[in-house]
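What you see below is based on every heavy atom in this structure, not just the backbone, and it leaves out hydrogens, waters and symmetry mates. Below, chains carry the letters A, B, ... as their sequence lines are ordered, and counting in each starts from 1.
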Amino acid sequence: MSLYSKVRATCHECGSGHLVRDEKVGEIICHGCGLVIQDTIIDNGPEWRAFTPEERESKRRTGPRTSLSMYDKGFSTSIFTKGDLYGKKISSSERYKMLRLRRMSVRTSLRKSVERNLFQAMIVLNRLCEKLKIPRGLHESAALIYRKMLGKGLVRGRSIAAVAAASLYLALRRANVPRTLKEISDASSRNKKEVSRCYRLVLWELGYKTPIDDPIQYVSKIGSNAGIDQEAQMRALELLRKARKMGITVGKDPSGMAAAALYISSIELGEKVTQGRLAEAANVTEVTIRNRYKGLLRDMELKWD
DNA sequence: TAAGATAAGAGGGACAT
DNA sequence: ATGTCAGTCTTATCTTA
């Protein structure tokens, strides 16, 4: 590493652009006229050298930089009650005072952090609901679920956006609104995996029960997306009701199931529809539709007319 | 061009360790 | 808590009608 580095400036004496910073003696020198421009450079780097990450860690004396993403910008207060800074014992009355102080400090900072978290979360949830055109009431129930999570201290260590998305998904599921987890996570900044982890956590920790996700709910949504007519949609519903009675819908992706039923009934009614179009409308792959509709035909012993 | 077939890979549930 | 297993879905590629 060179001890000299160029400086982007011109010398005010000779006009030369040849200014050089000499790290070793802490001066900026003009190579044109020899003038010392500045002799008190502040070195922002560490004065020690380290060759391994471990060494760097052991030599550093500063903490991480402050961050706006932390509710207290990374600064927090610690109040010790066992002794003074040097480990010397303190009197019992002093100690009692310190205990009280610490309690107060912990309480107020905790409340602040909860408030800030909620503030952020509500912004995130608003954006999410707006994007997905969620009705007011469901938006509210999602917010309530989030508050419960926050109240139980379950958001700590998890992403606000993921928990917010999971709360929304739960609200939708409880209201039997046919939105998939994928739709929610796609609109969120977190991925499906993360959101579904949080979703399971909410279910578990808050003891929520949801009605099973029934393919029947997706029929009209997928049907209209793919431009399937009413008659075929009715036929698909019938098909799915039978399938549900036979218990062959459990464990399958409801969207895929509904799309397959729509495919069968459309073909039966002589309507021109491709697997590709339905796959796109249902947000599943063609392969899934194929597997589902093959399965439906087999298990229900249906035949093409 | 649509549909079918096949295979690899991921993620989650059930169950055992 | 971690590992394994069967079953599901996705992605990609190739073949068939």
Return all side-chain donor-acceptor pairs below 3.5 angstrom for residues 129-139 of chain A, not counting sequence neighbours, or 'none' if the list is empty.
{"unit_1": "Lys131(A)", "atom_1": "NZ", "unit_2": "Ala187(A)", "atom_2": "O", "d": "3.3"}
{"unit_1": "Arg136(A)", "atom_1": "NH2", "unit_2": "Glu140(A)", "atom_2": "OE2", "d": "2.8"}
{"unit_1": "His139(A)", "atom_1": "NE2", "unit_2": "Asn126(A)", "atom_2": "OD1", "d": "3.2"}

Restricting both atoms to N or O, compile the protein contacts to nucleotides 1-6 of chain C shorter than 3.5 Å, with distance only.
none

Scan residues 161-181 of chain A for pairs that pass side-chain hydrogen bond (donor to acceptor under 3.5 Å, both in side chains), counting only residues two or more places apart or in two chains.
Tyr169(A)-Arg173(A), Asn176(A)-Gln217(A), Thr180(A)-Glu183(A)
Taking protein heavy atoms under 4.0 Å as touching, what does nucleotides 12-17 of chain C look like 5' to 3' if B marks base contact, S marks sugar-phosphate-only contact and - marks none?
B-----
Counting the atoms with a prime plus P, OP1 and OP2 as sugar-phosphate, which does Lys252(A) contact under 4.0 Å by heavy atoms, base, sugar-phosphate, or nothing?
sugar-phosphate
Counting only side-chain N and O atoms of Tyr263(A), is one of them less than 4.0 Å from OP1 or OP2 of dA3(B)?
yes
Here the gap from Asn117(A) atom CG to Leu150(A) atom CG, rounded to the nearest 0.5 Å, amounts to 4.5 Å
Can you see if the side chain of Arg200(A) gets near the phosphate of dG13(B) - specifically, an N or O under 4.0 Å from OP1 or OP2?
yes
Just checking Thr274(A): base, sugar-phosphate only, or nothing, at a heavy-atom cut-off of under 4.0 Å?
sugar-phosphate
Does Ser196(A) make a side-chain N or O approach to OP1 or OP2 of dG12(B) shorter than 4.0 Å?
yes
Heavy-atom contacts under 4.0 Å between residues 166-188 of chain A and DNA chain C, which residues?
none
N/O donor-acceptor pairs under 3.5 Å from side chains in residues 277-287 of chain A, not counting sequence neighbours:
{"unit_1": "Arg277(A)", "atom_1": "NE", "unit_2": "Ala226(A)", "atom_2": "O", "d": "3.0"}
{"unit_1": "Arg277(A)", "atom_1": "NH2", "unit_2": "Ala226(A)", "atom_2": "O", "d": "3.0"}
{"unit_1": "Thr285(A)", "atom_1": "OG1", "unit_2": "Thr288(A)", "atom_2": "N", "d": "3.3"}
{"unit_1": "Thr285(A)", "atom_1": "OG1", "unit_2": "Thr288(A)", "atom_2": "OG1", "d": "3.1"}

